[in-house]
Each structure stands twice: as structure tokens, then as C-alpha cells.
Number of protein chains: 2
Amino acid sequence: MSMERKWKDQLYHEFARIGKCLSSPKRLELLDLLSQGPKSVDQLVKITGMSVANVSQHLQTLHESRLVRSHRQGNFVIYEVAGLSVADFMVSLHRLSEKQLVEVQKLKTELLQNHISMEPIGLEELLKRMERGEVVLLDVRPQDEYETGHIPGAISIPMEDLEKHLASLPTDKEIVAYCRGPYCLTSAQAIEILKNKGIKASRLEEGVIEWKRYMEHSGVNKQ
Amino acid sequence: MSMERKWKDQLYHEFARIGKCLSSPKRLELLDLLSQGPKSVDQLVKITGMSVANVSQHLQTLHESRLVRSHRQGNFVIYEVAGLSVADFMVSLHRLSEKQLVEVQKLKTELLQNHISMEPIGLEELLKRMERGEVVLLDVRPQDEYETGHIPGAISIPMEDLEKHLASLPTDKEIVAYCRGPYCLTSAQAIEILKNKGIKASRLEEGVIEWKRYMEHSGVNKQ
DNA sequence: TAACTATTCAATAAATCAATTGAATAGTTG
DNA sequence: CAACTATTCAATTGATTTATTGAATAGTTA
């Protein structure tokens, strides 16, 4: 076998290592969660409903391909994505999947039909209306994820605290809620609660990572 | 199992379909080749050295995940990537791999050390120097890939014709050669030939896809 | 140091996948 | 229509991978 062939085989073998990480649904879900902020194995178990050993093993796999890293903190081992480029890459994967796979599109519209009459708002319009002070942006993810990073101007009320804190919301402005991104239902649930209370609210599909991406590219062409 | 859990499982199952496509080195190589332009199964066989049935099967897999599409043309079935976003995604994958995996970095420098004294030139500098008319940009990929798309201003001399057409190259300017991208060795071989003839030449690491990406983002921040 | 907890390891069975081979098919050209 | 070619299908083997389980380990707190 030629020198070049051997070199290419090695190279593509390495690329495929990353690919293999992305071939398990559970691992993708873990990566998405970690993209929102560092989490202990225990937290991941509680969120996903997977077994501890299972989560740990998947994290191991991700670690071998350098997509996540970990450190101990008291009793917990905290995992996090190994760099922003990982979180960003996940968005690329979502985009591609949604573009190419009709099935993903179907699953998404299916969801939106269940949460009927929930018109989503786009990033561009949101930012404009926030500037004019017309809307309040609400981050309904857990506190720690908000602290890891949030869209500027957003206030944090974790989903589980929402009903308690309803009073603290301004009543004269429209509410826009967001969560982990297009495939997280938390914000949809929040909207439902708000609407039931007679508060005008709409859902921002994008999350923090998508927002960052948008800000980086929007100067030239808004894709 | 909750409604939401089921929905997420389905969704991530779909994402993983794309992931599975990326878990085989051979498939990644095929995707990279198709990113440069449409090709028949036969062509792919000749380039990669894989068996016909093997190539066909991989293409099948890619087709099922809607990453490629095909049409018949005379005796041949021509495959192509299903949209620019696929080619673009491949670049994302390369970037991520190179950033996270030391092994990829190692393989790359290893290569450059073999082709010693070959200083690469960056896109930014290239474009500047082309504007000033200081360099000639040379596309050494096969003719049809050049025709599918090339960096503006580049002239096409496929690698196999290079020695024949040496005379037609200007002697007063520096030559910059590029090929399919960072992981294609064709341009490196071209440089070697040129240098042996006493022609000053350097290698552009980026290919057409990388160039496109650069142009889209460079207005705001050059990453 | 002992008890406790979170995490990891090891082993298993079931399922899936990669690579190969040879045969079958579909389409084209003379 | 016949011969030809490119492409695809089908079946096999060997290798990996997933999801599980229960046990072992490492680290922390009292």
C-alpha cells in the first residue's frame, strides 16, 4: 500500500473517531446537555433517566475522543465540553440534520402543533424588539446554566420556579421565553403556563449557543 | 415513558443517523471527495482503491441519511452531495477533529515534515497578494472539479498534466497551488515538481469549500 | 478510620455494522 | 435484440457496539 494511502487511512480513522461518538443517540443528548454548561454525572442521570453506569460509559467514550473533559468537585465529578467548538459543532449537526432529514422536520412540526397557537419569534426580530424595550426575555433553564452563559438582557427564572415567581414578571410587556435550544421543550411548557395565566408569551427557538453563532455571523449575512 | 422522553428519543435517533454515517472512515473519505464535485461510482472506486460493491454500499448508507443523491448519466450513476451544507459540515468536522485530536495534528505535521521546506501560505495573505498581482494561483485538481467550482482567479492544470504544461506557467511570479483541502496531498506533490524545476511555489492549505466559508465569515471576524 | 456516596470497571447478551464475495439487475450501445 | 458495462443486491463472516447488571474503587465527611 502506498505511503499516501496509509496516511489517509490513519487520518480518516481519526475523523471517524469523532463520528463514532456521534453515532449514539444517548451520547448526542449528553453532548447537548453539556453544551449548556458543566454537569455532574449524577445530574446527567437525573435529567436523562439513563442508568449511572450507562451515562458514565458514554462519557468515557466522549472523553476518549476529547470531546469532553472532567474534574472532581467534592463528591461529584463534573463534566464539561472540551471547548466552545464542540458546542458549536453540535449546532452544525442539528442544522444539517434538520435540513436533510424530513423526519426531523416532521418531529418538530408535530411538536409545535401540540402546543398550538404558539407562534415562534426569530432571533433577529427579538433583538430589535428588545432594543425598543417591547419585550422581556426569559431564560427558563436551571440557574447554573444561566450563569454559565445567557443572552444579554435575559432574566432567569428556572422552569420549576416559574409559577412561584409569576408575580415578579412585568405585565405590560410581552414575554419571550427560551431554553436549551430548538429541541428543548422547557420553554414550550413555560409558554403554556404563562398563557394559562393570561400573559402574552412566545417562544424563542434558539438557545444561547445559537445566539452566539448568530452574533458572530450576522454582520455579513444572516443565515 | 413520558411523551417528552419518547419525542426526544425519536429526535436523537434521527440525529444519530447522521452520526452513524460519519462513523466509518471510508464513508468520510467518500463524502470529502463528493464535496469537491459530482462523481460516478466508478470514479470513486478508482480514486479510493475500494471495491465497487463496497463503495456502492457506503453510498447507499449515505443516501439513506440524505447526505448524497444520485442520477444516471449514460452508463454511469453520478453521485453528489445533497446540498452545500453537507460539504460545509464536513469542514466543521475536520476543524473539530483537528482541534480536539492531537493525533490529527500529529499526522498533519508529520506530512509537512516529509515535504520539507514547504512553507504554507494562508488564505488572507494569498488574497492580498493576488490582488497585487504578485502570485499565480494554481488549481491542480481534476478538470471537472475545477469546473464545479474554484477560487476566482485560479488557473486549472490537473496534476497529471502539470509536467506537460510547465512551459505555460509565468516565470516571473510566485506560484501558489491548492487542491481538495488540508488533507489532500496533490498540491504538495505539485509543489515538489515545481520546486525541482526551480520554480518558486508554495502550498495553500485551504480548498474551495474552506475558501467559501472564509468569504462568508471574513467580513465580521476572520476565524 | 469508618461509613458513605459517587463514580468507574468488568462481564454479559443482543444487536448492529464493516468488509468481502459472487451473482443479479438495469441501462446503453452497436 | 444481443452483448456489454456499470451498478446494485444478497449473503456471509468477523468485529464492534449498546445497554445492562452487579461489583469494585476512589474520594469525602463525620
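The chains referred to below are lettered A, B, ... by the order of the sequence lines, with proteins before strands, and numbering in each begins at 1.
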Rounded distance (Å) that lies between atom [atom2] of [N] and atom [atom1] of [X]:
X	N	atom1	atom2	answer
A:Q43	C:dA6	CD	C1'	13 Å
B:H71	C:dG27	NE2	C1'	15 Å
B:M50	C:dT20	CE	P	8 Å
B:D42	D:dT8	CG	C1'	14 Å
B:Q60	D:dT7	CD	P	13 Å
B:L62	D:dT8	CG	P	13 Å
A:I78	C:dT7	CD1	C1'	12 Å
B:E64	C:dT16	CD	C1'	13 Å

Pick base, sugar-phosphate or nothing for [X], based on heavy-atom distances below 4.0 Å to the nucleic acid.
X	answer
B:S24	sugar-phosphate
A:N54	base
B:Q57	base

Starting the side chain at C-beta, find the nucleotide from [options] nearest to [X].
X	options	answer
A:R27	D:dA19, C:dC17, D:dT18	D:dT18
B:A53	D:dT8, D:dA19, C:dT7	D:dT8
B:V41	C:dT7, D:dT7, C:dC17	D:dT7

Is any side-chain N of the basic residue among A:E64 and A:R17 closer than 4.0 Å to the acidic one's carboxylate O?
no
Ion pair present between A:E205 and A:K108, side-chain N to carboxylate O less than 4.0 angstrom?
yes
Check the phosphate of [N] against [X], side-chain N and O only, distance under 4.0 Å to OP1 or OP2. Yes or no?
X	N	value
A:H58	D:dT17	no
A:S56	C:dT8	yes
B:Y79	D:dA6	no

For DNA chain D, whose closest nucleotide is more 5', that of B:L59 or that of A:N75?
B:L59
Which is more 5' along DNA chain D, the nucleotide nearest A:P25 or the one nearest A:R72? Just name the residue.
A:P25
Using a 3.5 Å distance criterion without hydrogens, assess whether the side chain of B:R141 forms a donor-acceptor pair with backbone atoms of B:S156.
no
Report yes or no: does B:S23 contribute a side-chain atom to a donor-acceptor pair with the main-chain N or O of B:K20 at less than 3.5 Å?
yes
Answer yes or no: does atom NZ of B:K99 have more than 12 heavy-atom neighbours from other residues, nucleotides or ligands under 6.0 Å?
no
